[in-house]
Protein chains: 4
Amino acid sequence: MQTGRAHTGRRRNEEARRAILEAAVDLLSGGPGDGTVSVDAIAAAAGVGKQTIYRWWPSKGAMLLDALAEYAEAEVPAPDTGTLAGDLEAFLTATFRLGARPATAALLRKIAAEAQQDEHTAQLLHAFAQQRRAALIALARRGAAPDPELLADQAFGVLWYQLLILHAPLEEEAARRLAHALAHQGH
Amino acid sequence: MQTGRAHTGRRRNEEARRAILEAAVDLLSGGPGDGTVSVDAIAAAAGVGKQTIYRWWPSKGAMLLDALAEYAEAEVPAPDTGTLAGDLEAFLTATFRLGARPATAALLRKIAAEAQQDEHTAQLLHAFAQQRRAALIALARRGAAPDPELLADQAFGVLWYQLLILHAPLEEEAARRLAHALAHQGH
Amino acid sequence: MQTGRAHTGRRRNEEARRAILEAAVDLLSGGPGDGTVSVDAIAAAAGVGKQTIYRWWPSKGAMLLDALAEYAEAEVPAPDTGTLAGDLEAFLTATFRLGARPATAALLRKIAAEAQQDEHTAQLLHAFAQQRRAALIALARRGAAPDPELLADQAFGVLWYQLLILHAPLEEEAARRLAHALAHQGH
Amino acid sequence: MQTGRAHTGRRRNEEARRAILEAAVDLLSGGPGDGTVSVDAIAAAAGVGKQTIYRWWPSKGAMLLDALAEYAEAEVPAPDTGTLAGDLEAFLTATFRLGARPATAALLRKIAAEAQQDEHTAQLLHAFAQQRRAALIALARRGAAPDPELLADQAFGVLWYQLLILHAPLEEEAARRLAHALAHQGH
DNA sequence: AAGTAAACGAGACGGTACGTCCTGTCTTCTT
DNA sequence: AAGAAGACAGGACGTACCGTCTCGTTTACTT
């Protein structure tokens with residue numbers, strides 16, 4: 001179990017990593033030109049060479065996914081209020097609140113778009129989604145929901161649908177109504 | 001109040017229109033290189049000049065949306081089985097069946113991707129989605145569903161979520177379970 | 001995992017220097033990919049860190065110039081046969097023989113190319129050329145050539161012209177004819 | 001005897017071609033930043049898309065070679081003064097005069113540098129040089145020079161040597177002395 | 001029949017973004 | 001302190017694609 005060789009050479013510059021991710025978030029959310037955000041623009045805004053981006057991420061999409069994780073690092077907690085309705089409401093309001101932030105919304109949109117064209121990004125997005133989905137499924141299962149997987153698909157489906165297709169703002173009130181409906185579903 | 005002018009000049013070539021739409025569908029669904037499909041590639045495959053595409057459609061996305069309409073022309077009927085559950089099941093099964101076809105799925109994916117980057121396509125997709133959404137809302141309202149809009153968002157949400165994020169096949173059984181759940185939602 | 005080469009710790013490692021110069025020569029002359037040779041490639045082939053190159057040479061061109069000096073270290077002697085024709089023939093044959101070697105030719109080419117883009121290399125190449133030129137001028141002056149500078153320019157001109165523009169092999173016979181012509185030039 | 005099909009599609013834009021070539025010359029000669037001239041910079045200065053350059057020239061070097069041909073279009077005439085010395089002087093002063101212009105000199109240098117790294121440019125430069133060389137050889141042969149090929153190599157050798165290695169200005173007086181020496185060469 | 005107008009296949013154009021490569025510098029650990 | 005390893009900023013490269021703009025040809029209606 002020898003490591004083979006200790007690490008030599010310069011280490012990854014954590015500042016550069018952060019600057020890239022922050023520049024991506026800033027450009028996507030804040031920018032006046034809310035249109036396309038190029039890798040060149042991100043690199044320039046981060047004060048970084050483009051190669052530094054491609055050294056650490058295999059594609060633009062992968063980098064954006066990391067930016068998302070960084071930006072929305074606050075894990076949505078798996079609450080335990082005692083009732084399915086309460087847990088669902090807590091989970092979904094927190095989730096929707098994240099998705100309501102312009103930066104997060106822009107990131108999710110860009111990543112989803114990228115994933116339709118780039119297989120690699122598609123896999124990463126899939127993994128990301130499955131992780132969130134698993135958390136919600138666990139919550140639903142604990143609350144004895146009749147079909148936890150379906151419940152998760154409905155919940156995240158509404159989120160992505162609003163975001164990608166309807167371009168509608170995500171409101172907490174909607175999350176609450178959704179939680180209520182899902183909690184009283186089935187027989 | 002001039003009549004304007006009677007049409008002079010060559011008329012639109014219906015064959016070209018069809019060739020373009022078919023080429024788009026073929027390249028998107030069938031092709032071995034199922035990756036990006038460029039307008040150039042579609043024009044070449046259709047044996048058509050690129051301008052012929054842009055003469056009739058304002059953007060790539062608009063053309064793809066038309067290809068979708070052409071290819072999935074079978075309108076999902078608004079059934080009347082007497083019960084909300086029955087109507088929902090009929091509607092959703094038909095809808096999922098359409099989305100299960102590889103060509104339709106590929107089109108929906110490309111269009112959604114395009115819509116994240118191009119405002120014009122976004123509006124067209126939005127209009128398309130709203131039309132389908134309105135049909136389902138009407139159905140739900142007739143069946144006295146407690147929150148027809150939310151019901152529609154959940155139904156289409158699951159569809160798009162599977163398509164865009166999970167890249168999961170759309171199965172009729174899933175549509176049935178979804179219909180059942182939605183019909184028994186709320187108090 | 002023996003490193004093969006020991007570190008001296010303090011003084012300049014002569015082996016590293018030699019490895020670098022040899023790797024440069026090898027890559028430039030021998031390699032199948034006789035195209036561009038990057039500093040990274042030379043460092044890797046020499047088993048050397050890139051910084052070790054830049055610690056001792058101010059630029060890529062300077063290093064190549066040293067490689068040239070090392071590889072073609074055999075100074076062309078300033079012969080004294082008694083006649084201008086004889087001296088010229090001896091000098092030029094030796095010079096062309098050096099330039100005929102693939103490694104030397106490749107080095108000269110790369111250095112000349114580098115010098116067109118990098119001012120520093122240009123100066124070094126200029127100095128190198130002037131030194132050789134001075135030797136030939138002295139020889140010509142001793143032989144009472146009517147215009148020693150012009151003679152030198154013609155001699156080295158032919159060499160570089162063949163090398164850089166015509167990509168022609170340098171043949172000794174050509175050197176002999178050139179020497180003969182230059183010796184009988186002017187009145 | 002039909003060719004199969006007449007040309008269809010938009011024709012090459014002559015203005016774009018000229019703008020590119022002129023921008024290349026301007027940037028190379030005039031610019032304050034006399035350093036590297038990138039294809040992007042040329043395209044931008046010409047008001048042209050980069051692809052328009054790569055559509056018509058296989059490499060940067062090929063384009064520069066065309067720029068040279070365009071800029072120095074005035075063919076050096078093959079004069080006939082009756083004597084070899086006179087013809088040589090006319091030819092070489094004209095040739096040196098061209099090479100003395102900053103724009104031409106910069107172009108020749110860039111092209112030569114490019115040719116050492118890019119095989120394709122090398123071939124084009126070779127062809128260009130051979131054409132000029134053939135003209136001078138014909139002239140020398142007509143004047144009964146003892147070794148026309150060698151004479152041509154000496155003449156162009158001096159030119160390129162001054163340009164690439166010595167970075168010396170090309171003066172007409174030098175051309176005259178060179179012509180005189182070459183005319184009275186050999187027995 | 002001649003004239004005129006529009007659509008067509010073809011393909012060049014300006015522009016934007018991509019991902020790769022290379023130079024010269026900087027940083028970390030090793031000897 | 002010098003070296004091997006390798007990350008970094010910066011900048012150029014050549015490719016792909018979009019939507020627009022000509023060409024010359026073909027088709028249809030109008031006079």
Side-chain angles (χ1 to χ4, degrees), chain A residues 5-13 15-16 35-41 43-44 46-56 58-60, chain B residues 5-13 15-16 36-41 43-44 46-60 117-118, chain C residues 3 5-13 15-16 36-41 43-44 46-60 117-118, chain D residues 5-13 15-16 36-41 43-44 46-56 58-60:
Chain A
R5 124 122 61 200
H7 182 86
T8 358
R10 191 178 188 172
R11 307 309 170 64
R12 178 169 190 179
N13 184 345
E15 277 188 66
T36 317
V37 173
S38 67
V39 175
D40 284 78
V48 145
K50 214 168 17 154
Q51 191 64 30
T52 299
I53 294 181
Y54 285 103
R55 199 185 339 266
W56 298 111
S59 68
K60 186 184 179 182
Chain B
R5 138 145 48 201
H7 183 86
T8 335
R10 192 176 187 173
R11 307 309 173 65
R12 177 169 190 181
N13 184 345
E15 278 188 64
T36 315
V37 175
S38 67
V39 175
D40 286 76
V48 143
K50 214 164 25 146
Q51 189 60 27
T52 300
I53 294 180
Y54 285 101
R55 203 186 334 269
W56 300 109
W57 293 277
S59 71
K60 184 185 181 181
Q117 284 155 332
D118 176 44
Chain C
T3 57
R5 179 170 45 239
H7 274 240
T8 47
R10 174 168 263 199
R11 302 243 313 114
R12 176 171 187 177
N13 186 340
E15 278 188 64
T36 314
V37 174
S38 68
V39 174
D40 286 77
V48 142
K50 215 165 25 145
Q51 189 58 28
T52 301
I53 294 181
Y54 284 101
R55 202 183 335 266
W56 300 111
W57 291 278
S59 71
K60 184 185 181 182
Q117 284 156 331
D118 177 44
Chain D
R5 127 113 67 194
H7 181 88
T8 15
R10 190 178 188 172
R11 308 311 169 67
R12 177 170 191 177
N13 185 345
E15 275 188 65
T36 316
V37 174
S38 69
V39 175
D40 284 78
V48 145
K50 212 168 18 153
Q51 190 68 258
T52 299
I53 294 181
Y54 284 102
R55 202 186 333 270
W56 298 111
S59 68
K60 186 185 178 181

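By convention in this document, chain letters (A, B, ...) are assigned in the order of the sequence lines, proteins followed by strands, and residues within each chain are numbered from 1. Being a predicted model, the structure only gives us computed values, none of them experimental.
- The interatomic distance linking D:N13 (CG) with F:dC21 (P) rounds to 14 Å, in whole Å.
- One donor-acceptor pair, N or O on each side, does fall under 3.5 Å between the base of F:dC21 and the side chain of B:Q51.
- Remark: P of E:dG9 and NE2 of D:H7 are 16 Å apart, rounded to the nearest angstrom.
- Backbone-only contact: A:R11 has heavy atoms under 4.0 Å from sugar-phosphate atoms and none from a base.
- Of all nucleotides listed (E:dA17, E:dC13, F:dG14), F:dG14 comes nearest to the side chain of D:K60.
- One atom, CG of C:D118, and another, P of E:dC22, lie 17 Å apart when rounded to the nearest Å.
- Closest contact between the side chain of D:T52 and the listed nucleotides E:dC13, F:dG19, E:dG9 involves E:dC13.
- Closest to the side chain of D:V48, out of F:dA12, E:dG14, E:dG9, is E:dG14.
- Take the nearest nucleotide of DNA chain F for A:A43 and for B:A41: the residue whose nucleotide is more 5' is A:A43.
- Side-chain atoms of A:T8 lie closest to E:dC29 of the nucleotides E:dC29, F:dC8, E:dG9.
- Here the P atom of nucleotide E:dA17 and the CD1 atom of A:I53 are 14 Å apart, to the nearest Å.
- In terms of position on DNA chain E, the residue among B:G49 and D:R12 whose nearest nucleotide sits closer to the 5' end is B:G49.
- Among the atoms of the strands shown, only primed sugar atoms or phosphate atoms (P, OP1, OP2) are found under 4.0 Å from some heavy atom of B:W56.
- Atoms CD and OG1, from B:Q117 and A:T36 in turn, are 6.0 Å apart once rounded to the nearest 0.5 Å.
- Contacts of C:K50 with the nucleic acid, taken as non-hydrogen atoms under 4.0 Å apart, include base atoms.
- Listed nucleotides F:dC18, E:dG24, F:dC13 differ in distance to B:D40; the shortest reach to its side chain belongs to F:dC18.
- For the pair B:R12 and B:W57, the cation sits on the ring face: its NZ or CZ lies under 6.0 Å from the ring centre, inside 45° of the axis.
- Across all non-hydrogen atoms, the minimal contact from A:N13 to A:E15 is OD1-N, 2.9 Å.
- Residue A:E15 contributes atom CD, which lies 16 Å from atom P of E:dC26 at whole-angstrom precision.
- Annotation for D:A43 and D:G49: closest pair CB-C, 4.3 Å, computed over non-hydrogen atoms.
- Of the candidate nucleotides F:dC18, E:dT27, E:dA7, E:dA7 has the atom lying nearest to any side-chain atom of B:R55.
- Among all heavy-atom pairs drawn from D:K60 and D:S38, the shortest one is NZ-CA, 4.3 Å.
- Taking only side-chain atoms of D:Y54, from C-beta outward, the nucleotide of E:dA17, F:dC18, F:dG14 with the closest atom is F:dG14.
- With hydrogens and angles left out, the side chain of D:R10 and the base of F:dC21 share a donor-acceptor pair within 3.5 Å.
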